[in-house]
There are 2 protein chains.
Amino acid sequence: MKFSEAPISCPMDGLLRVISGPWTTFILWRLSTHGTLRFGELKRLVPGVSSRLLTDRLRKLEDAGIVNRDYKPTIPPEVSYALSPRGQELREVLKHLSDLAIKWDLGQAKHGDEAVASQ
Amino acid sequence: MKFSEAPISCPMDGLLRVISGPWTTFILWRLSTHGTLRFGELKRLVPGVSSRLLTDRLRKLEDAGIVNRDYKPTIPPEVSYALSPRGQELREVLKHLSDLAIKWDLGQAKHGDEAVASQ
DNA sequence: CGGCATCCGCTAAGATACTG
DNA sequence: CAGTATCTTAGCGGATGCCG
């Protein structure tokens, strides 16, 4: 894919912006390994994230069609999230990215995190 | 997008952080399509970027081993950049990302936010 | 020419409190 | 439970100026 004369516009940038936000890859990883998760469960699985940020990230992922949001107006309300087909596709590509990152060993946060890497 | 410091992280986050900075993908594409470029040439090929940002992005890409920097202490100095083998690998993966983005047509680059900019 | 240093403004991230 | 509202803070990005 050539950029040639297209000065400042690339769909990939929008996608990158969505997935590169803080916690985002973590959230995606959790959803990919745990399947469908409720908001509270997800929050517990992503230690340290605030409701505000989690909501924000999920909203953006949803807008991009990467995750599906299922809202049941029961009492108490029940909202669950899961990767969409797009999310699955994205996961495949991200795995390649992750493989590169691991191979290169960029020295970022090497703490125990098979994270997205292993799955 | 800022990543302060996630308690747990994965190597991919570091890589994503590097490549998702403003102008970064644009710079990578310029280097991939034009080959080796001097600082000034690159700056001219990325309209609107400041020296400070361009330097910053190139430094991070260099630190990640994605681009090679060649410095000749002539007068005037001559500094050129080119994709490293890692950069070529990365480009392959980014192409898949780009393909997804195009297929999904996320429709960013709207509201004149310079699209390429992200964070 | 190819930077780095500095100041400065903006926005995103964090914490906290509150609600249907 | 699953958010929203608000305030504060911190870091990024822009502009400018200087140097080898």
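Chain letters run A, B, ... following the sequence lines, proteins first and then strands; every chain starts at 1.
- Side-chain nitrogen and oxygen atoms of B:W23 include none within less than 4.0 Å of the OP1 or OP2 phosphate oxygen of D:dC12.
- The separation between B:R57 atom CZ and D:dG13 atom C1' is 9 Å, rounded to whole Å.
- Taking five base pairs at each end of the helix from C:dC1-D:dG20 to C:dG20-D:dC1 and finding the rotation axis that steps the C1' atoms of four pairs onto the next four gives two axes whose angle is 50°, to the nearest 10°.
- Under the 3.5 Å distance criterion, with hydrogens and angles disregarded, no donor-acceptor pair is assigned to the side chains of B:S84 and B:N68.
- Atom CD1 of A:I66 sits about 10.5 Å away from atom CD of A:E89, to the nearest 0.5 Å.
- Using a 4.5 Å heavy-atom cutoff, the side chains of B:L94 and B:R91 are not in contact.
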For B:I27 and B:Y81: C-alpha separation, side-chain torsions, deciding distance, then whether side-chain contact (heavy atoms from CB on, under 4.5 Å) applies.
CA-CA 10 Å; B:I27 293 166; B:Y81 297 88; over 6 Å; no

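- Rounded to an integer number of Å, the gap from B:R17 CZ to C:dA12 C1' is 15 Å.
- Side chain of A:T55 to main chain of A:S51: a donor-acceptor pair is present (N/O by atom type, distance under 3.5 Å, no hydrogens or angles).
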Kindly indicate, with the supporting measurements, whether the criterion side-chain contact (heavy atoms from CB on, under 4.5 Å) is fulfilled by B:K60 and B:R17.
CA-CA 10 Å; B:K60 280 174 176 157; B:R17 215 177 334 182; over 6 Å; no

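- Counting only heavy atoms from C-beta outward, the side chains of A:R38 and A:V79 never approach each other to under 4.5 Å.
- Distance CG (A:L54) to P (D:dT4): 11 Å, rounded to an integer number of Å.
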The contact string for nucleotides 1-8 of chain C, one letter per nucleotide 5' to 3', using protein heavy atoms under 4.0 Å with B, S and - for base, sugar-phosphate only and none, comes out as BSSS-B--

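- Between the CG atom of B:D13 and the C1' atom of C:dA13 there is a distance of 16 Å, rounded to whole Å.
- A 4.5 Å side-chain heavy-atom check between A:S80 and A:D70 finds at least one atom pair inside the cut-off.
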